[in-house]
Amino acid sequence: MSALSRELIEAAEPGAPPVAVLSTDIRPGIVDVTRLPEVLVARREQRELGPVAPPTAPPAPVKESPAIVRVSNDPNALPARRAPALVASLQATIREETAAPPSNAILPPEAVPRPMAVPNGTALPTDSVTTPLAPPPSGLAHGWWQQKACQPLRPKSQSWPVDLDLLMITALQFSAHVQAINLEPQIVETEIARQSAEFDTRSFVESKWNSINDPVGNTLTTGGPTRLKDQNLENSGGLQRRTLVGGQARIAQEIGLRNTNSVFFLPKDQANTRFIISYTQPLLRGRGVCYNESLVVLAQTDTRLARNELQTQLQQHLFDVANTYWQLCLERSRFLQQQEGLAQTEMILRELEARREIDLLQSQVMRARGAVAVRRAAVQRAELTIRNRETQLWALTSAPQVQLNHELELIPLVLPSCDLVPIDPQASVREALQNRPEISSTFERIRSAETRLSVAKHELLPVLNAAFEVYTRGLQGQQDVWQSFLNQFSRGNPSYTAGLTYSMPLGNNAAQASLRRRDLELRQLLLELDASLKRISAEVENAVRDVLAAHAELAGHHEAMIAARAEVDYLLQRWRLLPGEDRYASMLLDDVLNALDRLISAEGTFAQSQVNYAIALTEYKRAAGLLVNLAPVEPVPPTPELTPEPPVPQPVPPPPVSAQPVEVLGDRRGGLRR
């Protein structure tokens with residue numbers, strides 16, 4: 001306030017208590033001053049400081065003082081002949097404000113102050129008067145756009161009502177990304193069968209033809225011929241298997257045909273056969289079921305790790321679906337807010353055009369037209385953003401409904417809530433340590449490291465094997481294979497071989513290095529487990545704090561939205577009271593448009609805070625491992641349909657006194673969890 005305005009007030013009422021003064025300096029030395037009664041001063045202070053508890057006693061009646069309007073000599077200011085009409089309008093406004101209920105009370109739509117008439121008795125056209133903004137809600141409530149956001153925004157498009165659970169289930173059923181990552185555990189699981197196949201029984205067949213034509217350096221070799229000519233066909237076949245305790249069992253039948261030019265070779269054209277049974281058993285290194293099945297155990301561990309990794313990726317994918325769904329809700333809310341802002345700006349433009357021939361500057365109309373153009377562009381941008389979010393949801397879910405109809409409009413059935421969800425941090429940490437796949441993966445890696453450490457300790461032992469072999473042989477001339485086969489069981493006795501083999505590298509450096517490496521890997525994983533426990537505990541605690549902070553931010557933005565809405569209502573009323581030819585009216589029009597921008601921004605921020613709160617809750621569920629669970633589902637056998645029998649009343653036993661409450665952590669059979 002300038003010094004001149006203070007002098008005018010003191011000169012008007014010497015010694016009067018301080019009152020609210022609305023003034024503006026048109027140019028130095030020229031002032032318009034409007035004084036309001038004390039009751040409006042208290043009302044304005046109450047709006048600035050927030051809601052105040054109602055007084056216990058009814059307030060004393062306040063004597064109304066007539067509004068004082070000082071007319072300046074500025075040619076653009078209010079003409080003197082129009083002052084009485086403005087004074088009458090101000091007095092009517094004062095009476096309405098004095099009789100109005102407190103600002104923190106919820107007003108019905110019909111109780112909201114109506115737009116004021118233009119001074120000098122010029123009424124606005126019917127289409128220029130729109131429904132005013134909804135009154136500020138008491139407490140934390142949803143925005144006015146919440147109900148409209150659940151309704152179709154594109155009437156010409158086909159609608160598909162969806163909620164978050166439906167989109168998640170659709171993503172699990174149809175998403176190509178989900179189907180791709182779901183194959184990874186199945187791919188890794190094939191390694192179990194491959195390693196287990198090492199203990200399968202194997203059949204083998206070997207055949208070899210030998211033709212020898214060598215010079216003879218010893219007459220005892222051939223008995224006369226100078227060159228040895230030997231033709232030999234060797235065939236063998238049978239079964240062999242590696243046992244779980246590390247042994248090698250082999251059963252084989254050998255059949256050969258041989259002929260040579262040696263005079264000592266009797267009978268001619270021999271058919272020789274041999275039946276062999278052999279077994280080799282490690283006594284130190286390589287013995288035992290645990291050592292020989294270590295690769296199978298490691299393959300099973302890798303499969304469980306792949307499943308845990310699948311759960312982590314599924315949680316991330318479902319979190320992206322939830323995030324995009326909440327973003328779709330946000331963009332629909334912003335679209336409605338931008339539409340409402342466009343309607344308010346167009347209403348102001350219509351009022352200006354209605355007053356063009358009375359008391360209006362052309363610059364005000366141009367300013368309003370520019371604001372309308374900006375708002376219209378913002379509405380178009382918001383509509384395109386909604387389509388972008390719908391396309392993202394289609395890419396994440398691969399919903400066949402959207403794939404067949406790209407013009408389909410996704411209508412959210414569930415919008416972000418403003419209610420504070422009670423969360424116990426300690427119980428959430430315990431739940432996370434039980435459900436997070438990272439903890440299970442770390443334990444699986446520790447088991448794998450323990451298995452490798454046990455194998456490394458076992459490989460420190462020397463190689464000591466016991467070998468046994470028993471065989472029978474048959475021989476017949478004229479290449480009579482069948483008789484030779486019978487002779488190996490009917491003539492003579494079996495031959496056998498037994499022995500031990502020992503091997504030990506000097507220093508055993510390779511095994512020692514492998515043992516040290518496995519021991520260090522195990523210690524590293526134990527430290528990683530400790531770090532994972534602390535990290536997950538911190539993530540859950542931070543997620544709980546983020547939920548509380550998001551809700552507190554939601555409450556703050558709610559109050560800011562209410563304040564911005566009250567500011568727009570107040571400035572609109574002041575702007576409608578002043579004549580349009582005043583420069584101060586042009587400045588006040590800018591204040592109205594700027595306040596409307598701030599209201600739209602505050603409503604958008606409040607909607608964003610709602611979405612942030614919903615995303616914080618989803619992040620909390622992911623941090624606690626409650627978003628998805630991959631536990632196997634046990635099939636339930638169908639219950640046969642039987643004719644119901646009338647129930648027989650049974651006495652209800654009293655509950656035991658020593659019964660303890662059971663903590664239910666949720667359904668562990670799989671599927672979505674809340």
Side-chain angles (χ1 to χ4, degrees), residues 109 125-134 142-171 173-176 320-350 353 368-417 596-597 599-601 603-604 606-608 610-611 614:
T126 305
D127 57 351
S128 64
V129 180
T130 59
T131 304
L133 295 176
H142 298 284
W144 57 266
W145 58 86
Q146 292 286 92
Q147 185 176 3
K148 295 182 180 180
C150 297
Q151 299 175 359
L153 301 180
R154 302 193 298 268
K156 296 182 180 179
S157 300
Q158 185 179 359
S159 302
W160 182 34
V162 296
D163 58 1
L164 188 54
D165 291 341
L166 177 61
L167 289 176
M168 287 186 175
I169 295 175
T170 304
Q173 291 179 347
F174 300 104
S175 175
D320 294 339
V321 172
N323 189 10
T324 308
Y325 173 80
W326 296 126
Q327 293 295 332
L328 174 62
C329 298
L330 173 62
E331 299 303 334
R332 292 175 68 90
S333 301
R334 286 180 173 173
F335 174 75
L336 294 172
Q337 293 164 6
Q338 295 292 344
Q339 271 192 337
E340 180 66 19
L342 175 61
Q344 291 287 331
T345 309
E346 289 178 344
M347 180 265 294
I348 294 175
L349 177 60
R350 288 194 296 267
E353 291 178 348
R369 287 178 180 175
V372 168
V374 172
R375 288 282 164 238
R376 189 173 290 111
V379 170
Q380 295 177 357
R381 179 59 183 173
E383 182 179 2
L384 294 178
T385 308
I386 291 176
R387 293 180 178 269
N388 292 341
R389 294 290 180 260
E390 292 174 349
T391 304
Q392 291 178 3
L393 279 177
W394 170 73
L396 290 172
T397 60
S398 299
Q401 296 89 340
V402 183
Q403 186 175 3
L404 298 176
N405 185 6
H406 287 280
E407 295 297 328
L408 191 68
E409 180 182 4
L410 275 63
I411 301 178
L413 297 178
V414 179
L415 295 180
S417 174
L596 188 58
D597 292 340
L599 173 60
I600 297 175
S601 177
E603 290 178 345
F606 175 67
Q608 178 69 61
Q610 284 183 303
V611 171

Counterpart residues, side-chain hydrogen bond (donor to acceptor under 3.5 Å, both in side chains), relative to Q158 (two or more places apart):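 Counting only residues at least two positions away or on another chain, Q158 forms a side-chain hydrogen bond (donor to acceptor under 3.5 Å, both in side chains) with N405.
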R376: what forms a side-chain hydrogen bond (donor to acceptor under 3.5 Å, both in side chains) with it, not counting sequence neighbours?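 Checked R376 against side-chain hydrogen bond (donor to acceptor under 3.5 Å, both in side chains); matches are E346.
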What residues form a side chain to side chain contact (heavy atoms under 4.5 Å, CB included) with [X], not counting sequence neighbours?
| X | result |
| --- | --- |
| P152 | S159, E409, I411 |
| S417 | D419 |
| E383 | R154, F335, R387 |
| V374 | none |

Would you check if [X] and [Y] make a side-chain contact, meaning some heavy-atom pair closer than 4.5 Å?
| X | Y | answer |
| --- | --- | --- |
| L167 | L396 | no |
| Q146 | Q610 | yes |
| Q337 | E340 | no |
| R334 | Q608 | yes |

Calculate, to the nearest 0.5 Å, the distance between atoms [atom1] and [atom2] belonging to [X] and [Y] respectively.
| X | Y | atom1 | atom2 | result |
| --- | --- | --- | --- | --- |
| L342 | L596 | CG | CG | 10.0 Å |
| L393 | N323 | CG | CG | 10.0 Å |
| S175 | W394 | OG | CH2 | 11.0 Å |
| L415 | D163 | CG | CG | 11.0 Å |
| S333 | L328 | OG | CG | 9.0 Å |
| L153 | E331 | CG | CD | 12.0 Å |

Looking at [X] and [Y], what are the two nearest heavy atoms and their distance?
| X | Y | result |
| --- | --- | --- |
| L164 | W326 | CD2-CZ2, 4.1 Å |
| A368 | T345 | O-CG2, 4.1 Å |
| M168 | A322 | CE-CB, 3.9 Å |
| L336 | K148 | CD1-CB, 3.5 Å |
| R389 | T324 | O-CG2, 3.7 Å |
| C150 | L413 | SG-O, 4.2 Å |

Between the main-chain N or O of P412 and the side-chain N or O of Y325, is there a donor-acceptor pair closer than 3.5 Å?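 No, the answer is negative, given that no donor and acceptor are paired below the 3.5 Å cut-off.
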For the side chain of R332 and the backbone of W145, is there at least one donor-acceptor N/O pair under 3.5 Å apart? no
Heavy-atom neighbours of Q147 CD exceed 12 at 6.0 Å: no
